[in-house]
Amino acid sequence: MVQDLIRELLSELGEDPSREGLLDTPKRVEQALAFLTSGYRADIDEVLNGALFRVDYSEMVIVKDIDFYSLCEHHLLPFFGKCHVAYIPSDRVIGLSKIPRLVDVFARRLQVQERLTNQIAETIRDKIAPIGVAVVIEATHLCMSMRGVEKQNSFAVTSAMIGAFRDSARTRMEFLELIKLRSAIPGVSERAASGMACVAEG
Ligand SMILES: [Zn+2]
């Protein structure tokens with residue numbers, strides 16, 4: 001079914017789906033899309049299963065520079081970059097290796113960067129009720145750079161600040177200092193979502 005659609009799409013684009021180089025393309029595209037959207041079929045509880053621990057630790061936990069790849073829901077083109085996650089546990093922590101897995105679950109869906117950022121933060125909030133959660137994502141959007149939209153080399157930065165990261169400027173600044181953002185982001189300390197990629201259509 002998906003393969004038929006891809007063959008049709010190739011024809012509509014002016015290609016000949018029966019030429020040698022494209023013969024297996026529908027099958028490959030189907031497999032690639034299945035992988036890139038596998039997050040829809042992932043179960044968060046299964047991903048985190050056995051990796052929520054009770055601990056007596058209340059300092060900031062940071063996992064930074066998590067590589068991620070996602071697809072923008074407006075153009076079905078990739079956006080990708082780095083995700084930084086921090087939280088301050090109240091009585092439970094998440095196994096460190098599970099944080100990148102959590103990012104993947106939400107990245108492997110059709111997304112906008114702002115929602116991806118929020119979903120990661122809200123999931124951590126919901127699963128371990130920490131004192132605070134912060135997520136910052138820096139990403140390049142191919143729908144901007146490939147289509148020759150202005151600011152081709154710019155990347156979008158989004159943030160979600162919950163609990164102590166929203167309420168305490170000192171906590172927030174400590175986090176931002178620790179991830180050492182590559183760019184100065186005006187307003188990020190005010191719980192800003194400054195990235196607005198994909199907003200301008202056309
Ligand atoms: Zn887009």
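We count ligands from 1, going down the list as the structure has it; atoms in each ligand are counted the same way. Along the sequence shown, residues are numbered consecutively beginning with 1. Keep in mind that this is a model prediction, so the values were computed, not measured.
Within the 2.8 Å limit, His141 places no N, O or S atom next to the Zn ion (ligand 1). With a cut-off of 2.8 Å, the Zn ion (ligand 1) has no N, O or S atom of His74 in range.
Neither side chain, Glu73 nor Gln111, offers a donor N or O lying under 3.5 Å from an acceptor on the other.
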Side-chain donor/acceptor pairs under 3.5 Å, residues 47-57, sequence neighbours excluded:
residue	atom	partner	partner atom	Å
Arg54	NH1	Asp91	OD2	2.5

With a 3.5 Å cut-off and sequence neighbours excluded, list the donor-acceptor pairs that the side chains of residues 34-42 form with protein atoms.
residue	atom	partner	partner atom	Å
Thr37	OG1	Leu33	O	2.7
Ser38	OG	Phe35	O	2.7
Tyr40	OH	Leu110	N	3.1
Arg41	NH2	Ala34	O	2.7

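The angle His75:ND1 - the Zn ion (ligand 1) - Cys143:SG amounts to 100°, with values rounded to 10 degrees.
Classified by interplanar angle (parallel below 30°, tilted 30° to 60°, perpendicular above 60°), the ring pair Phe79/Phe68 is perpendicular.
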